[in-house]
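Take a look at the structure below.
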Amino acid sequence: MLDIIRPGDDRYPLVRHVYSAEGSPAAVVRPRVPAEVPEALAFARQEGGPFSVRSGGHGISSISTNVGGTVIDLGALSTIERIDDRVVEVGPGARWGRVASTLRPWGLAISSGDSGDVGVGGLATTGGIGLMGRKHGLTIDSLVGADIVTADGVVRTLSPTDEPDLFWAVRGAGANFGIVTGFRFRASTDASVVHASFAYAIADTAGFLERWGATVESAPRSISAFLYLFGGAQPFAQATVVFAGTDTDAAVRALEPFTRIGQVVGRRAEATAYADVLPTSGAVHSGQQTAVTRTGLAVHLDRRISRSLASLTRGGEADMIQLRSVGGAINDVPSSATAYAHRHQNFSVTAVSMNGLQSLDAAWQESRELMDGLYLSFESGHAPERVEDAFPPETLDRLRRLKAHWDPDGIFDQNFAIDRVASA
Ligand SMILES: Cc1cc2nc3c(=O)[nH]c(=O)nc-3n(C[C@H](O)[C@H](O)[C@H](O)COP(=O)(O)OP(=O)(O)OC[C@H]3O[C@@H](n4cnc5c(N)ncnc54)[C@H](O)[C@@H]3O)c2cc1C
């Protein structure tokens, strides 16, 4: 019998909300094993009303809870197993911090994001821009197979040779095609890294951003670098720079240019485990982070983009700008190889308004026009036009045909719905 948590159940307060929103679903279904997911889907369809799929509950678009509907919560599907020398099988409900710490004694690691609390399911169906991305690609680039429950309630095994079209679609647009119940990743052997942090006081924000961009692009691909820029009267930035590998001399050489970008007011570097790089709180979700975010991808942080981003923090519309490196190995993958098709950009750019300022939208417009594509996982808005930013025309065309075939009734339309066209 399905485990269904309803209002009044002692466990309901623990499962009703997500990280970025409060919710009050009528039922939260918690499959205990992947084989219960088709039954959970049938239950949700029978109940009708709003429907959400949840893995880690850290989705920025706040759709993994709802009001009055059904949530399929995959949190209990969190096993992590080594099934071959470098291949690991991971449940969607595992969080990336635990994945990293479980893989560590095996001498393995998978580049994921910058938070250990993020769930495997949401990130590994969309992309996965991580702190070893320039060396090892997106998280989806490590994916060698998956299991999915499609709209017809059938469990399907996906790989480059089993349902290859669906496997292609799941790597970037997974939420539109079903519920992924298991992921098989080929992990890297970079379980050890050099982890550096820099704090910069900034006099000229636009100039600083241009230098940051040039430094990241010319760094060896062992380096992946995330920058968190804050405005206000005294602008400053914090950077997390990871050198994937154990060659500390090479790491020192690769990190040195980051000391010349601006006034360094704090710095630290240590050889450590990749697992120690990801902060993990394990906090119960209560809708604790209701930030509004607007996002895009950029090829270079050129003068126009840098000035535009600087003005966002200067004017206070954005409390923070996050810049995550892509490029390197991410761009070695042909853009037609996965539904995430953005394989020539070097930066993911996200503007964050912590208190949800509506003025962010208007202020972001100038930056948006300078962007080249979008990674869906950093967008808190739900505007349907963002689907066209996320998927270039050829990719979107293929996705629309596959959507018509695999999800003809639009069951999985919650997360930036891809509209259906008649199959050719
Ligand atoms: C603090 C923070 C830091 C982040 N840092 C990064 C980062 O550095 N790099 C990066 O790439 N991303 C990052 N993200 C974004 C993150 O990848 C997405 O928010 C992701 O969707 C969260 O996954 P989840 O399973 O926790 O989310 P959930 O809220 O559980 O799911 C989000 C959505 O994904 C879909 N989904 C979830 N599980 C499945 C499944 N099993 N099958 C099909 N669809 C599913 C559903 O539509 C669901 O509504 C960050 C997010 C936060 C909040």
Side-chain angles (χ1 to χ4, degrees), residues 15 17-21 23 31 34 37 40-41 50-66 71-75 77-78 90-97 99 111-133 138-140 146-151 158 169-183 224-226 228 240 242 277-281 283 285 287-291 293 295 297 320 322-326 330 340 348 350 352 375-380 382 407 411-417:
V15 296
H17 307 305
V18 290
Y19 182 66
S20 58
V37 174
L41 180 60
F51 165 52
S52 305
V53 175
R54 178 190 303 164
S55 285
H58 253 56
I60 285 174
S61 57
S62 315
I63 49 165
S64 56
T65 191
N66 60 52
V71 174
I72 298 183
D73 182 327
L74 305 163
L77 308 185
S78 60
V90 183
R95 310 293 185 92
W96 286 106
V99 174
S111 182
S112 57
D114 59 3
S115 161
D117 288 325
V118 163
V120 168
L123 182 135
T125 47
T126 317
I129 297 174
L131 284 161
M132 296 197 290
L138 297 172
T139 308
I140 55 167
D147 301 317
I148 189 169
V149 176
T150 42
L158 311 182
V170 159
R171 288 174 290 160
N176 262 279
F177 288 90
I179 304 175
V180 179
T181 58
F183 297 86
S224 299
F226 288 9
Y228 311 89
T240 298
V242 169
V277 173
L278 306 184
T280 305
S281 79
H285 290 145
Q288 56 264 58
Q289 179 60 272
T290 53
T293 60
T295 194
L297 295 163
M320 182 187 4
Q322 302 177 343
L323 293 165
R324 290 174 172 84
S325 57
V326 281
I330 294 171
Y340 179 102
S348 156
T350 304
V352 182
Y375 171 51
L376 283 176
S377 276
F378 289 131
E379 178 71 37
S380 73
H382 297 95
D407 186 19
I411 308 299
F412 299 110
D413 270 359
Q414 303 79 13
N415 197 348
F416 295 102

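Counting starts at 1 for both ligands and their atoms, following the listed order.
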(request) Find the distance between CZ (Arg324) and OG1 (Thr240) and round it off to the nearest 0.5 Å. (result) 9.5 Å

Do [X] and ligand 1 have an N or O pair less than 3.5 Å apart?
X      : answer
Gly57  : yes
Asp117 : no
Val180 : yes
Phe226 : no
Asn415 : yes
Gly59  : yes
Gly119 : yes
Ser112 : no
Gly56  : yes
Tyr19  : no

Enumerate the atoms of ligand 1 whose separation from the nearest heavy atom of [X] is less than 4.0 angstrom.
X      : value
Leu74  : 41 (N)
Arg54  : 30 (O)
Ile179 : 42 (N)
Ser115 : 3 (C)
Pro92  : 41 (N)

Which residue and atom name correspond to the protein heavy atom nearest [atom], and how close is it?
atom                    : value
atom 48 (C) of ligand 1 : Val53 O, 3.1 Å
atom 7 (C) of ligand 1  : Gly113 CA, 3.4 Å
atom 29 (O) of ligand 1 : Ser64 OG, 2.6 Å
atom 17 (O) of ligand 1 : Leu123 CD1, 3.4 Å
atom 9 (N) of ligand 1  : Ile129 O, 2.8 Å
atom 53 (C) of ligand 1 : His58 O, 3.3 Å
atom 43 (C) of ligand 1 : Gly178 O, 3.2 Å

Give the single entry among [options] that approaches [atom] most closely by any heavy atom.
atom                    : options                       : result
atom 4 (C) of ligand 1  : Leu376, Asp114, Ile72, Val149 : Asp114
atom 10 (C) of ligand 1 : Phe412, Phe51, Phe378         : Phe378
atom 44 (N) of ligand 1 : Pro279, Ala175, Ser61         : Ala175
atom 23 (O) of ligand 1 : Gly174, Ser377, Gly122        : Gly122
atom 50 (C) of ligand 1 : Thr240, Asn66, Val326, Val118 : Val118
atom 11 (O) of ligand 1 : Phe183, Tyr375, Phe177        : Tyr375
atom 39 (C) of ligand 1 : Ala21, Ser111, Ser55          : Ser55

Side-chain donor/acceptor of [X] to backbone N/O of [Y], under 3.5 Å:
X      : Y      : value
Arg95  : Ser78  : no
Tyr19  : Val118 : no
Thr293 : Phe378 : yes
Ser52  : Ile63  : yes
Thr280 : Leu278 : yes
Thr125 : Ala175 : no
Asp413 : Ala417 : no
His17  : Gly287 : no
Thr139 : Ser111 : yes
His382 : Ser61  : yes

Considering all heavy atoms of both residues, which atom of [X] and which atom of [Y] are nearest to each other, and what is their separation?
X      : Y      : answer
Asp407 : Ala151 : OD1-CB, 3.6 Å
Gln288 : Ala283 : NE2-CB, 4.1 Å
Phe177 : Ile148 : O-CD1, 3.8 Å
Val15  : Arg54  : O-NH1, 2.6 Å
Val180 : Leu74  : O-CD1, 4.1 Å
Asn415 : Asn176 : O-ND2, 3.3 Å

(request) Could you verify whether a donor N or O on one side chain and an acceptor N or O on the other, from Ser281 and Asp117, lie under 3.5 Å apart? (result) yes

(request) Give the ring-plane orientation class for His285 versus His58, where under 30° counts as parallel, over 60° as perpendicular and anything between as tilted. (result) tilted

(request) Report the part of Arg95 (side chain from C-beta onward, or backbone N, CA, C, O) that has a heavy atom under 4.0 Å from ligand 1; answer both or neither where that applies. (result) neither

Hey, is [X] one of the residues with a heavy atom under 4.0 angstrom from ligand 1?
X      : result
Gly128 : yes
Val18  : no
Gln414 : no
Thr126 : no

